[in-house]
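A note on names: the letters A, B, ... follow the listed sequences, proteins ahead of strands, and every chain is numbered from 1.
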There are 2 protein chains.
Amino acid sequence: MRRKVTLKQIAKELDVSISTVSKSLRDSPEISEDTRLKVQAFAKLYNYKPNNIALSLKNKKTKTIGIIIPEIVHHFFATVISGIEQVANECGYNVIVCLSDESFDKEVINMEMLANGSTDGFIMSLSKETQQKKDFHHLQEVINQGMPVVLFDRISNDILCDKVIIDDQLAAYEATNFLISKGLKKIALLTTVDYVSVGKLRTDGYLNVLHDHGIEVDESLIIRIEDTEHCDEKINELLENKSVDAILAVNELFAVTAIKLAMSKGIKIPEDLSVVAFTDGIISKYSTPTITTISQNGIKMGRKAAEMLIKRLELEDEEDEHYKTEIIETNLIIRESTKS
Amino acid sequence: MRRKVTLKQIAKELDVSISTVSKSLRDSPEISEDTRLKVQAFAKLYNYKPNNIALSLKNKKTKTIGIIIPEIVHHFFATVISGIEQVANECGYNVIVCLSDESFDKEVINMEMLANGSTDGFIMSLSKETQQKKDFHHLQEVINQGMPVVLFDRISNDILCDKVIIDDQLAAYEATNFLISKGLKKIALLTTVDYVSVGKLRTDGYLNVLHDHGIEVDESLIIRIEDTEHCDEKINELLENKSVDAILAVNELFAVTAIKLAMSKGIKIPEDLSVVAFTDGIISKYSTPTITTISQNGIKMGRKAAEMLIKRLELEDEEDEHYKTEIIETNLIIRESTKS
DNA sequence: AAACCTTTCGAAAACGTTTTCGTGTTGAAA
DNA sequence: TTTCAACACGAAAACGTTTTCGAAAGGTTT
């Protein structure tokens, strides 16, 4: 077993100083060509590679980005990571991933863990619990220490930092508008509880468009689903007791569940019921019928977030304090679940 | 902006030595209660937390696990990461994720990057290209340096290290057997090219069971799909030219594609065609009809891999050299795509 | 021959810890 | 009064780098 070789060992072996070895390997003009080549040859032979930890300590830069997200077994979040990783890779950064599991405490612990030197900055999406508690001291702490943070998707206006989101409200507005344009009027909304920021915004968009079209809002058509546990139950109730001709769902899962339940009741899609969902994930593409969705380009979101973070990291000198919020455009991907 | 406080700063502020501060915070009996309490109070006030990088350098342990996988936008791999993260979290480890993108070069680069001190060990699944080239020098290198490696799912017998897999061959055997037990005979196989280890094993299992039942193998029923590009095309060809009554697919995507194409041709599922797929992912659960699958418990796989790696890390002293291969059990989840 | 410049290298500090060892002070025992 | 243990603390090394500065050696200019 050949352990990794260090500068010190090379220096000893060649009977020169550590400085000389270091300089030789960095092609310093201070060193004569003779020794430089000798050292380089030796280093190559022993496959010398500088130790990242030592470099991090010296440079006070880890070249590592901390990602904290609620969960990873989730198509959207996976695509975001993928996007982040692409950019990180291009720029010589690594990513270290932590999962909050939708728990406030875990989010805090992970953050404190990584903030103690492990990463140069953070890219994160808030856990449900954090959004509910509205307690962002851990983020503030980190930001105060001068570490850049970029929030995506599940953000909060109470935190001053860079952000990247889609225009949830506008997207919901447009999607609902699309349904209305097809002559549909009784449009139900399957959404989350209001403390989830994106759920709230999407609900607002839905409400606005109804208002703008002079359609009266029927509160009983708005189903707020807390956990996926009672998802079936609540949707069943809707389908049985109300006559709806369209559904806007804030995620794929709600949509596909609604479609399945509807079909089992003999309701034809899209003839009797049109369905549009947020998040253009794997389910929408492969379910039967395929589902019309609002694309939420995770890759692009991840890439943008990474670009913003790295830009801050490399420009560290004078902190702009001029935080930006980037909006990733969405578009409606029309598939089989909506009337044409 | 309050930067993180160090031992040195505390020492200076309290006019004691760095050693005293360090010892006080670690409750050393060498220090009088007076100063100990004083230091601790001060440290708490300034929210002192030891710097991970410095600790890593000193202890030569990073408490970090490197994960290298082909892609992350993939339900199975995401679940594995989730499993790894669970155990890592319980044991005070972090995970740093790199994607090879199925590229040999990227796999090598990522590995060398992380091997220079960034992680204590690796958990990985080989890229297609690596499996094709059969070039594992980067893994050997790392193993020779004394870093533990755990391979999962896409492994190679040429590498001596811990592994965790499912019994692909047995699972394929049993799944096919299940189809045969339903009286089905003309069973097609949708698989990958042979250099992908799991594809090969699953194919072997399929072949074995046919042989054991005295069913002649019809090579034209075995479709080897290289990339998802020509997936549709090849499956169409099969469905049109051959009369098949069952399909075994080595992944969900092939299965759902086949089902969609079949249904579009008026073939009824499962009446005319039964379909079983590997990988119990999100598609199988939500497609219509839902798909009978071989569960491939990624969470369990990830957990096991992490346990094996961490065990080696903590027992570092005498290297056992006694490498184990853990088999994660699979089971058939029967859904709507197969005759009952 | 003196002064000076170049070339080439090494010592040491710095990053933030932990830990070993040494040392000065105090009080008690001889 | 001397000796010794206990106590409380500090200096320094170590982990592996990079970089600044100083210095020796040699050569060139006056």
*Under 4.0 angstrom, heavy atoms only, what part of the nucleic acid is S22(A) near: base, sugar-phosphate, or nothing?*
base
*Mind checking S32(A) for me? I need base, sugar-phosphate or nothing, with any heavy atom below 4.0 Å counting as a touch.*
sugar-phosphate
*side chain to side chain donor-acceptor pair (under 3.5 Å) between D153(B) and S125(B), worked out*: CA-CA 6 Å; D153(B) 199 54; S125(B) 195; 4.6 Å; no
*Of R36(B) and K49(A), whose closest DNA chain D nucleotide lies nearer the 5' terminus?*
R36(B)
*Does a nitrogen or oxygen in the side chain of K61(A) sit under 4.0 Å from OP1 or OP2 of dC15(C)?*
no
_Over all strands shown, is T35(B) touching base, sugar-phosphate only, or nothing at heavy-atom distances under 4.0 angstrom?_
sugar-phosphate
*Between the base of dT17(C) and the side chain of K8(B), is there a donor-acceptor distance below 3.5 Å?*
no
*Looking at dC9(C), dG16(C), dT17(D), which one has an atom nearest to any side-chain atom of I31(A)?*
dC9(C)
*OP1, OP2 of dT19(D) versus side-chain N and O of R26(A): anything below 4.0 Å?*
yes
*Hey, does K60(B) reach any base, or is it just sugar-phosphate, or nothing, if we go heavy atoms under 4.0 Å?*
sugar-phosphate
_Among dT17(D), dC9(C), dG16(C), which nucleotide has an atom closest to any side-chain atom of T6(A)?_
dT17(D)
*Round to the nearest Å and state the distance from N116(A) atom CG to dG16(C) atom C1'.*
12 Å
*Might you confirm whether atom NZ of K49(A) has over 12 heavy atoms from other residues, nucleotides or ligands at distances under 6.0 Å?*
yes
*Y48(A) has an atom OH; how far is it from atom C1' of dG16(D), in whole Å?*
7 Å
*How long is the span from the CZ atom in R303(B) to the OG atom in S82(B), to the nearest 0.5 Å?*
9.5 Å
*For L99(B) and I69(B), run side-chain contact (heavy atoms from CB on, under 4.5 Å): C-alpha distance rounded to whole Å, both residues' side-chain angles, the deciding distance at 0.1 Å, then the answer.*
CA-CA 5 Å; L99(B) 309 179; I69(B) 52 176; 3.8 Å; yes
*asked:* Can you measure L57(B) atom CG to dC15(C) atom P for me and round it to whole angstrom units?
replied: 14 Å
_Rounded to whole Å, please give me the gap between CD in E33(A) and C1' in dT8(C)._
14 Å
*Which nucleotide in the list dA14(D), dG10(D), dG16(D) gets nearest to the side chain of K58(A)?*
dG16(D)
*asked:* Checking contacts here: which listed nucleotide (dT19(D), dT18(D), dC9(D)) is nearest the side-chain heavy atoms of L7(A)?
replied: dT18(D)
_Between T62(B) and D120(B), is the side chain to side chain donor-acceptor pair (under 3.5 Å) condition met? List the steps._
CA-CA 6 Å; T62(B) 60; D120(B) 296 339; 2.8 Å; yes
_Base dG10(D) to side chain K23(B), donor-acceptor N/O within 3.5 Å cut-off_ = yes
*Charged N to carboxylate O under 4.0 angstrom, D162(A) versus R312(A)?*
yes
*Whole angstrom is fine here: how far is it from CD1 in I53(B) over to P in dT18(C)?*
14 Å
*Measure the distance from CG on N52(B) to C1' on dT17(C) and round it to the nearest whole Å.*
11 Å
*Atom pair distance, as rounded to whole Å: CG in N59(A) and P in dT18(D)*: 8 Å
*Could a donor-acceptor pair under 3.5 angstrom be found where the side chain of S19(B) meets the base of dA11(D)?*
yes
*asked:* In this structure, how many angstroms lie between the P atom of dT17(D) and the CG atom of L25(A), rounded?
replied: 9 Å
